[in-house]
Undergrad: 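Before I ask anything, here is the structure I am working with.
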Amino acid sequence: MVDELGVAVVGFGWMGRVHTQAYARLPHHYPRLPLRPRLITVAEEVPGRAEEAAGQFGFASATRDWREVAADPRVRAVSITAPNFLHREIGVAMAEAGKHIWIEKPVGLTSEDARAVADAVAKAGVQGAVGFNYRNAPAVEAARELIASGEIGTVTHVRIRLFSDYAAHPDSALTWRYERARGGSGVLGDLASHGADLARFLLGDIASLTADTAIFLPERARPTGATAGHALASGGEPGPVENEDYVNCLLRFASGARGVLEACRVSVGEQNNYGFEVHGTKGAVLWDFRRMNELAVSRGSTYQDQPVSTVYVGPGAGEFAAFQPGAANAMGYDDLKVIEAYRFVRSVAEGVPYGATLADAVASGAALDAMTRSAERGCWVEVGVG
C-alpha cells in the first residue's frame with residue numbers, strides 16, 4: 001500500500017521545474033518508496049506562470065501567494081525554490097504550519113537565516129532537506145568512502161573548483177541575483193556554497209580560512225519584464241552589480257588538511273567546470289562534474305610516478321542502481337535531483353533525515369560568512385557554526 005504525499009512548489013523558475021520533474025520521476029526509480037508525491041499546488045508571483053506550470057505538470061491548483069500554500073491542509077511537504085531573500089520567511093512559515101520542507105541553497109542570505117529555518121524545523125518536528133545536489137553524485141559518494149577507508153592515506157590537501165560562464169555575458173540581466181538585499185552574496189551563495197558543502201562532506205569541518213573576492217562586471221542592464229534563470233537583457237537602464245563574481249579561498253580543516261576553493265560565475269570558456277582533487281599520503285582521487293560518473297584514482301605503494309586509473313562507477317555506488325544497470329552508463333544533473341527528492345520523501349516517510357539537512361546548510365553558511373569577513377578584513381578567520 002502506497003500513501004500519497006501532498007506536495008507544493010513555491011517559486012517556479014528553472015529550479016522549481018527541476019523539483020517538480022524530480023517528484024514526478026520518483027515512482028519510476030523508487031517504486032518501493034512508501035509515499036508517492038501528489039502535486040497539489042504551485043505558487044509563483046509572476047502573473048500567469050503558476051497557471052502555466054499547473055497546466056503543464058498537473059498541479060491541482062495554482063496561486064500567486066505562497067501563504068495560501070502554508071494554509072492548505074492538502075499540502076504536507078513543500079519545495080522552496082523562490083529567490084534567496086524569501087527563503088527564511090517562507091521556510092519558517094512552512095515549518096510552523098507543520099509542512100516538511102525541501103529548500104534550495106543558500107538557505108537565506110546568511111547563516112543566521114539558515115539557522116532560523118533549522119530551528120523552526122526542529123521545533124515543529126518536521127523534516128528539512130537542502131539542495132546540495134552535487135554530493136548526491138554516486139561518484140562523489142564513492143570518493144567519500146574511498147577517502148574514509150584510508151586507501152589514499154591521510155588526506156593532505158584538496159582543491160575544489162566551481163567555474164561557470166552563466167553570468168559572463170555583459171548583457172546578462174540585472175536580476176535579484178546581483179543585489180545584496182535580495183540575492184545576498186553572489187557567487188559565494190550560488191556556487192561556493194556547494195564547494196563548502198563538498199569540502200565538509202569529503203573531509204570534515206573547516207576550522208579557518210582566508211578569502212579574496214572580486215566583481216569583474218560591475219554594471220548590468222535592468223530587465224524590462226519578468227525573467228527566469230540567467231536571462232539576457234539589452235536596452236534596460238544600467239545598474240550596479242552589488243555582489244561578487246569571483247572568490248578564492250584557502251582552507252584549513254580540523255583534521256589538519258589544507259585546501260583551496262575557487263569559484264567564478266563569469267569564467268568565459270568554462271561551462272559548469274566543477275570538481276575536486278583530493279590528495280593523500282598514499283594516493284589521490286579526482287572528480288569532474290562534466291564526467292559525472294567517473295573517478296580518477298591513484299592508489300598503491302610506489303608514491304613517485306604512481307599511475308592514475310579511471311574508475312567508472314556502477315550499481316554499488318550511491319544511488320546509481322536506481323538509474324542504470326551497469327557501470328559506465330551515464331547519469332545526468334536532473335538525476336541528482338531525483339536522488340535528492342527520494343531522500344527527502346524517505347525522510348518524511350521514516351521520520352529520520354537522509355541526505356543533506358539544514359544542519360549542513362548552517363555549516364555551509366558559516367563558511368560563506370567567514371569568507372565574507374575574511375575578504376573584508378584581509379586576514380584569516382575562524383569558521384564557527386555554533
Side-chain angles (χ1 to χ4, degrees), residues 105-106 129-163 188 191-209 211 247-263 272-299 308-313 316-320 331 333 336 339-340 343 353-368 370-371 383 385:
K105 42 59 53 190
V130 180
F132 290 126
N133 48 278
Y134 298 109
R135 63 154 63 191
N136 296 323
V140 173
E141 295 192 273
R144 187 187 193 214
E145 291 181 4
L146 186 75
I147 293 165
S149 73
E151 284 199 57
I152 65 170
T154 300
V155 173
T156 54
H157 59 102
V158 60
R159 184 169 75 98
I160 299 172
R161 68 187 186 283
L162 298 111
F163 297 144
L188 280 175
L191 295 180
S193 60
H194 283 297
D197 182 67
L198 283 173
R200 183 168 168 268
F201 184 69
L202 295 170
L203 303 184
D205 289 337
I206 301 167
S208 61
L209 56 81
V247 60
N248 67 55
C249 187
L250 299 179
L251 309 171
R252 291 174 179 162
F253 291 86
S255 66
R258 298 298 195 260
V260 177
L261 190 160
E262 191 177 15
N272 301 319
N273 181 359
Y274 310 150
F276 57 76
E277 298 96 42
V278 180
H279 294 268
T281 53
K282 298 189 332 187
V285 57
L286 303 81
W287 179 72
D288 187 325
F289 170 65
R290 298 165 300 179
R291 304 174 71 91
M292 192 177 84
N293 306 291
E294 300 178 18
L295 287 175
V297 180
S298 177
R299 52 191 162 187
V308 177
S309 301
T310 298
V311 176
Y312 298 101
V313 296
E319 293 294 326
F320 189 96
M331 289 176 60
Y333 176 90
L336 302 184
I339 295 171
E340 212 169 277
R343 289 173 171 164
Y354 292 94
T357 67
L358 282 155
D360 296 309
V362 171
S364 175
L368 301 184
M371 291 179 202
V383 179
V385 296

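Just so you know, residue 1 is the first one in the sequence shown, and it goes up from there.
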Undergrad: Is there a side-chain contact between M371 and L209 in this structure, where contact means two heavy atoms from C-beta onward sitting under 4.5 Å apart?
TA: yes

Undergrad: Could I get the full list of ring-ring contact (aromatic ring centres under 6.0 Å, His included) partners for Y134, not counting sequence neighbours?
TA: H194, Y274, F289

Undergrad: For residues I152 and S298, report the shortest heavy-atom separation together with the two atoms involved.
TA: CG2-O, 4.0 Å

Undergrad: Could you check if a side-chain atom of I206 sits within less than 4.5 angstrom of a side-chain atom of V383, using non-hydrogen atoms only?
TA: yes

Undergrad: Can you give me the closest heavy-atom contact between F201 and E141, atom names plus distance?
TA: CZ-CG, 4.4 Å

Undergrad: Does some side-chain heavy atom of D360 sit less than 4.5 Å from a side-chain heavy atom of R135?
TA: yes

Undergrad: Is there a side-chain contact between R161 and D288 in this structure, where contact means two heavy atoms from C-beta onward sitting under 4.5 Å apart?
TA: yes

Undergrad: Quick one: does N273's side chain get under 4.5 Å of R290's, heavy atoms only?
TA: yes

Undergrad: In the structure I gave you, are the side-chain heavy atoms of V155 and F253 within less than 4.5 Å of one another anywhere?
TA: no

Undergrad: Applying ring pair (Phe, Tyr, Trp, His ring centres under 6.0 Å), which residue pairs with at least one partner in residues 135-159 are found, sequence neighbours left out?
TA: H157-H279

Undergrad: What are the two closest non-hydrogen atoms of G195 and L261, and how far apart are they?
TA: C-CD1, 3.5 Å

Undergrad: Flag the pair R159 and E262 as a salt bridge only when some basic side-chain nitrogen lies within less than 4.0 angstrom of an acidic carboxylate oxygen.
TA: no

Undergrad: Step through the shown structure and confirm whether more than 12 heavy atoms of other residues, nucleotides or ligands are within 6.0 Å of OH on Y333.
TA: yes

Undergrad: Mind listing the closest non-hydrogen atom pair of I160 and L198 along with its distance?
TA: CD1-C, 4.4 Å

Undergrad: Between atom CG of L146 and atom CG of L295, what is the distance when rounded to the nearest 0.5 Å?
TA: 7.5 Å

Undergrad: I need the T156 OG1 to R258 CZ distance, nearest 0.5 Å.
TA: 11.0 Å

Undergrad: Would you say that L286 contacts V278 through its side chain, given a criterion of any heavy-atom pair below 4.5 Å between the two side chains?
TA: no

Undergrad: With sequence neighbours excluded, what pairs up with E319 under the salt bridge (Lys or Arg N to Asp or Glu O under 4.0 Å) test?
TA: R343

Undergrad: Report the distance from atom CD1 of I147 to atom CG of L202, rounding to the nearest 0.5 Å.
TA: 4.5 Å

Undergrad: Measuring from F276:CZ to L162:CG, what's the distance to the nearest 0.5 Å?
TA: 11.0 Å

Undergrad: Using a strict cut-off of less than 4.0 Å between a Lys/Arg side-chain nitrogen and an Asp/Glu carboxylate oxygen, indicate whether K105 and D197 qualify as a salt bridge.
TA: no

Undergrad: When you look at V158 and V260, which way does the side-chain contact (heavy atoms from CB on, under 4.5 Å) test go after all the steps?
TA: CA-CA 6 Å; V158 60; V260 177; over 6 Å; no

Undergrad: Looking at A263 and L191, what are the two nearest heavy atoms and their distance?
TA: CB-CB, 4.2 Å

Undergrad: Can you tell me how far CG of L251 sits from CG of D205, rounded to the nearest 0.5 angstrom?
TA: 12.0 Å

Undergrad: Is it true that a side-chain atom of S364 and a backbone atom of A196 form a donor plus acceptor pair closer than 3.5 Å?
TA: no

Undergrad: Is there a side-chain contact (heavy atoms from CB on, under 4.5 Å) between S193 and L368 once you walk through the steps?
TA: CA-CA 7 Å; S193 60; L368 301 184; 3.8 Å; yes

Undergrad: Tell me the closest heavy-atom pair linking A137 and M292, and the distance in Å.
TA: CB-CG, 4.1 Å

Undergrad: Atom CD in E340, atom CZ in F132: separation rounded to 0.5 Å?
TA: 9.5 Å

